[in-house]
Every structure is written in structure tokens, then in C-alpha cells.
> 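Let me give you the structure first, and then I'll get to my questions.
Computed over heavy atoms, backbone and side chain alike; hydrogens, waters and symmetry mates excluded.
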Amino acid sequence: MKTLDLAETGKEYEIVEVSGGRGAVRNLRELGFLPGRRVRVLKNWGSVLVSVNGATFVVGRGLARKVVVRDVGDAA
């Protein structure tokens, strides 16, 4: 497992956990970053451009560090 800021461009991941302060967690969850959801990394250079739940977002590196993901191909 890794955090979203370390995820590879072009790969799909499953969100395992969203951590951090109440505000950060609330903001990420409102954008659809929920455990069990799939997220595709479209660009990971500077900020992270992702697609989650049919929408595309730019997430700053600080927030991306709060999202723990696992490669969809990894064993549970």
C-alpha cells in the first residue's frame, strides 16, 4: 500500500483509508474519496490529477498524502 502522492500515472487503485484532520477528511470524502472506491491517476507530477467516481480532480500533494491506496492488482 502507498499514499496517493506516490501512485503511478495511468494506474488504477482502490482507496483503503482517508486520514488526517477533520477538515481534510471531510473535504476528501465530499469529493468522493471513500474507502473501497476506485481512483485512476491521470497525472502525478506536482499536483495529482485523478479520476474518482466519474469526476476528475486535481489534488494537492498534501491532501494526496492523506489517501492510502492499494494497486487493484495487489492481493487483499
> For a quick test of reading the model, state the closest non-hydrogen atom pair linking Leu34 to Arg29 and the distance between them.
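Of all heavy-atom pairs spanning Leu34 and Arg29, the closest is CD2-CG, 3.7 Å.
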> Closest heavy-atom contact between Val16 and Pro35?
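Distance-wise, the nearest heavy atoms are O-CB, 3.7 Å.
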> Please name the pair of heavy atoms, one in Ser47 and one in Gly60, separated by the smallest distance, quoted to 0.1 Å.
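The answer is OG-CA, 4.3 Å.
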> When rounded to the nearest 0.5 angstrom, what distance separates CG in Leu49 from OG1 in Thr9?
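Reported value, rounded in 0.5 Å steps: 9.0 Å.
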> For Arg61, enumerate each residue passing the side chain to side chain donor-acceptor pair (under 3.5 Å) test, keeping only those at least two apart in sequence or located in another chain.
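Residues passing side chain to side chain donor-acceptor pair (under 3.5 Å) with Arg61: Asn44.
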> Between Phe57 and Val41, is there a shared hydrophobic cluster once you connect ILVMFWY residues whose side-chain heavy atoms come closer than 4.5 Å?
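Same cluster.
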> Between atom CG of Asp71 and atom CE of Met1, what is the distance when rounded to the nearest 0.5 Å?
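So the CG of Asp71 and the CE of Met1 are separated by 12.5 Å.
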> Any link between Val48 and Val25 through a network of hydrophobic side chains (Ile, Leu, Val, Met, Phe, Trp, Tyr) touching at under 4.5 Å?
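Yes, it is one cluster - the side chains of Val48 and Val25 are joined through contacts under 4.5 Å.
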> Calculate, to the nearest 0.5 Å, the distance between atoms CD1 and CZ belonging to Ile15 and Arg70 respectively.
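Rounded to the nearest 0.5 Å, the CD1-CZ separation comes to 12.0 Å.
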> Roughly how far, to the nearest 0.5 Å, is the NZ atom of Lys66 from the CG atom of Leu4?
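Rounded to the nearest 0.5 Å, the CG-NZ separation comes to 12.5 Å.
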> Going through the distances and angles, do Phe33 and Leu63 end up as a side chain to side chain contact (heavy atoms under 4.5 Å, CB included)?
CA-CA 11 Å; Phe33 289 85; Leu63 276 180; over 6 Å; no
> Is a donor on one side and an acceptor on the other found under 3.5 Å between the side chain of Tyr13 and the backbone of Glu8?
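Yes, Tyr13 side chain to Glu8 backbone: donor-acceptor pair under 3.5 Å.
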> Hey, could you give me the CZ/NZ distance between Arg40 and Lys11, rounded to the nearest 0.5 Å?
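Those atoms lie 10.5 Å apart.
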> Check whether Val50 and Leu31 end up in the same hydrophobic cluster, where Ile, Leu, Val, Met, Phe, Trp and Tyr are linked by side-chain heavy atoms less than 4.5 Å apart.
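Shared cluster, yes.
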